[in-house]
Visitor: 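Following this message is one structure expressed as structure tokens.
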Amino acid sequence: MTHTSFDDTRSALSAARALERAHEAAVDWLERVPGRRIPARADVGGTQARLGLALPIDPQPPAEVIDALVDAVGPGLMASQSPRFFGWVMGGTLPAALAADWLVSAWDQNAGMREVTTGVVAAEDLAGRWLCDLLGVDGDVGFTTGATMANLTCLAAARTRVLQDAGWDLAERGLAGGPPIRFIAGAERHGSVDLAARLLGLGAARLIDADAQGRIRPDLLDRDLEEGSGPAIVVLQAGNIHSGAFDAFTECIRAAHRAGAWVHIDGAFGLWAAAGRTSRSLMAGAEDADSWATDAHKTLNVPYDCGVAIVRDRASLRATMGTHASYLTHTSSAEADPHERVPEMSRRARGVPVWAALRSLGSAGVADLIDRLTRSAAHLAEGVAALPGLEVLNDVVFTQVCVAAATDEATRALGDALRAEGVAFASSSEWHGRAVLRFSVSNAGTDDAAVEETLSALTRAAAGIR
Ligand SMILES: *Cc1c(COP(=O)(O)O)cnc(C)c1O
């Protein structure tokens, strides 16, 4: 690698050259994703050896740095944007969102203050409003890194509010000595709910048993709420990570509100069911909750990272997340500054790619996207059920399909064989005491042809382990 001057590392010409290389590499990557073997081929150690372990002493030309990065990291990239990728819950990338995300970096706006970086705040605000309309919810919207932070944000606002209702000022007095909060969740809540509780000092959740699909039992929730008293927060789920199931919102929210509890819905991928034509009814009643967390980097296919926290009680969110300082510019409008809605003060304008994705799809396109994901999951489940020796363990109501072979050992081997071939990708898990191979249909590019190719790959994998 050649040396250069410090000034060359920061000039506009260097930026233009580096961006050109990045553009070329990005287009090349996107073109090759569908045909590429899905798993990463290189390990971390090997990749680091190619990157070079030692920090160079002298400045290097930015374009050459990008070339070196592309060369070294390329073999370690996983083709999670493939239409035959169903691992964990990972969305692909819509072109408009990807390009907008690049501009967010190029513009380098600090999106915290409403009256300072007005351009990106305007776009984020509109994205937030559109999101609320599409998802059928109402409140202030904060753009977080993911649903983990969105859950934390919403539950922090909830904590402020339920303590305030009990006559306890959390900001003033802290948690110690205050009224205990009953923090209640379903047995199959996502782990990020426990993380939020840990960070917020809420303690381990009181777990309510779930039914065969992983939905919280409304009768048991009602009984638990009736038996206790004092401040309470209930976490419901839109989209179980294994079954895709949705809690019975109408019943659960009625019971929780009767007990004066705040209801939060973790809908990292499932909240989007509200925007589909065929899946809308799964979300019935969810609009009556007090807060909702979702992701844009999953179902909406916006690049990482982008989560969304929506809180109906704007004042509690602002009281929880807002910071006042003489050196900041505070808005004079009734709308909160963006930094009053999320834990961060400085952050990238990650809502702008959401605006671009929604503007590009239009409301009909969003409905098409959700319908297609739902239809592809049903198609996949039907195909799997027709394969000898394989069964689908869950009721496929949305985008998740849990597959099992005759024994746990065979199920694990099936997953290993599928991933080793690399044409299609699903991740292994355990659900209700059984090994499962989880398919999460989360990519806008997954169509009938991709599902058929995946079924063929699964057939080959099953034959290989017999
Ligand atoms: C993915 C997921 C989360 C966590 O979201 P991140 O974007 O990874 O932070 C929380 N809840 C559910 C149900 C999820 O699927």
Side-chain angles (χ1 to χ4, degrees), residues 78 80 85-93 97 101 131 135 141-156 158 185-200 205 207 210 213-216 233-247 249 263-274 279 282-283 286 289 291-310 342-344 347-348 350-351 353-354 357 370 373-374 377 394 397-402 426-427 429 431 436 438-443:
M78 174 174 73
S80 52
F85 180 89
F86 305 98
W88 303 281
V89 186
M90 296 184 180
T93 33
D101 196 62
L131 278 174
L135 303 176
V141 176
F143 290 101
T144 62
T145 48
T148 299
M149 286 305 284
N151 278 333
L152 177 85
T153 301
C154 293
L155 292 171
E188 295 197 23
R189 79 241 167 261
H190 189 269
S192 61
V193 171
D194 300 316
L195 171 61
R198 202 150 71 226
L199 294 175
L200 293 170
L207 296 183
Q213 295 303 315
R215 291 172 294 228
I216 194 169
I233 299 170
V234 174
V235 179
L236 301 178
Q237 185 165 252
N240 177 291
I241 205 89
H242 287 105
S243 66
F246 291 66
D247 288 342
F249 298 120
V263 180
H264 170 67
I265 297 180
D266 174 6
F269 62 92
L271 219 56
W272 291 90
S279 53
L282 295 166
M283 282 283 287
S291 60
W292 305 264
T294 192
D295 266 321
H297 59 217
K298 289 179 177 171
T299 315
L300 186 60
N301 283 242
V302 162
Y304 288 103
D305 45 26
C306 189
V308 186
I310 306 165
V342 293
E344 295 86 12
R347 63 170 178 85
R348 67 190 276 100
R350 59 169 60 84
V354 174
I370 309 305
L373 298 177
T374 314
N394 62 310
V397 294
F398 193 44
T399 52
Q400 312 295 298
V401 183
C402 271
S427 47
S429 181
W431 189 49
V436 293
R438 280 185 61 249
F439 290 80
S440 175
V441 184
S442 306
N443 190 301

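Computed over heavy atoms, backbone and side chain alike; hydrogens, waters and symmetry mates excluded. Ligands are counted one by one from 1 in listed order, and the atoms in each one are counted from 1 as well.
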Visitor: Run the numbers for me: atoms of ligand 1, each under 4.0 Å from some heavy atom of Ala268, listed by number.
Guide: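 Once the distances to Ala268 are compared, the set is 2 (C), 3 (C), 10 (C), 11 (N), 12 (C), 13 (C), 14 (C), 15 (O).
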Visitor: When Trp272 is tested against each of Thr399, Thr374, Thr294, Asp295 for side chain to side chain donor-acceptor pair (under 3.5 Å), which residue passes?
Guide: Thr294
Visitor: Looking at ligand 1, is there an atom of it that comes within less than 4.0 Å of some heavy atom belonging to Ser192?
Guide: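 It does; at least one heavy atom falls under 4.0 Å.
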Visitor: Students should be able to answer this: which protein heavy-atom is nearest to atom 14 (C) of ligand 1, and at what distance?
Guide: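 Minimum-distance protein heavy atom for atom 14 (C) of ligand 1 reads Lys298 NZ, 2.9 Å.
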Visitor: Got a donor-acceptor contact below 3.5 angstrom from the Asn301 side chain to the Ser442 backbone?
Guide: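 A pair under 3.5 Å: yes.
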Visitor: Classify the ring geometry of Phe439 against Phe86: parallel below 30°, tilted from 30° to 60°, perpendicular beyond 60°.
Guide: tilted
Visitor: In ligand 1, which numbered atoms sit nearer than 4.0 Å to a non-hydrogen atom of Phe269?
Guide: 15 (O)
Visitor: I'd like to know if the side chain of His264 pairs up with that of Asn151 as donor and acceptor (distance under 3.5 Å, no hydrogens or angles considered).
Guide: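 The answer is yes; a qualifying pair exists.
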Visitor: Test Leu300 against every option in Val354, Ile370, Val308 by the side-chain contact (heavy atoms from CB on, under 4.5 Å) rule and name the one that passes.
Guide: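 It is Val354; the other options fail the test.
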Visitor: Within the 4.0 Å heavy-atom shell around Gly146, which atoms of ligand 1 are there?
Guide: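 Taking each heavy atom of Gly146 in turn, ligand 1 has 7 (O), 9 (O) under 4.0 Å.
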Visitor: Which of parallel (below 30°), tilted (30 to 60°) and perpendicular (above 60°) describes His297 and Tyr304?
Guide: tilted
Visitor: Taking N or O atoms only and a 3.5 Å limit, does Asp295 qualify as a polar contact for ligand 1?
Guide: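 Among all N and O atoms of Asp295, at least one is under 3.5 Å from an N or O of ligand 1.
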Visitor: Under 3.5 Å, is there a donor-acceptor pair between the Gln400 and Arg438 side chains?
Guide: yes
Visitor: Quick one: look at Asn240 and ligand 1, take heavy-atom pairs under 4.0 Å, and tell me if it's side chain, backbone, both or neither.
Guide: neither
Visitor: Quick one: look up the protein heavy atom nearest atom 11 (N) of ligand 1 and list residue, atom name and how far away it is.
Guide: Asp266 OD2, 2.8 Å
Visitor: Below 3.5 angstrom, do we get any N/O pair linking Ala147 and ligand 1?
Guide: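 Yes: some nitrogen or oxygen of Ala147 is under 3.5 Å from one in ligand 1.
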Visitor: Going by the order shown, which atoms of ligand 1 are within less than 4.0 Å of some heavy atom of Thr148?
Guide: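 In order of numbering, the contacting atoms are 4 (C), 5 (O), 6 (P), 9 (O).
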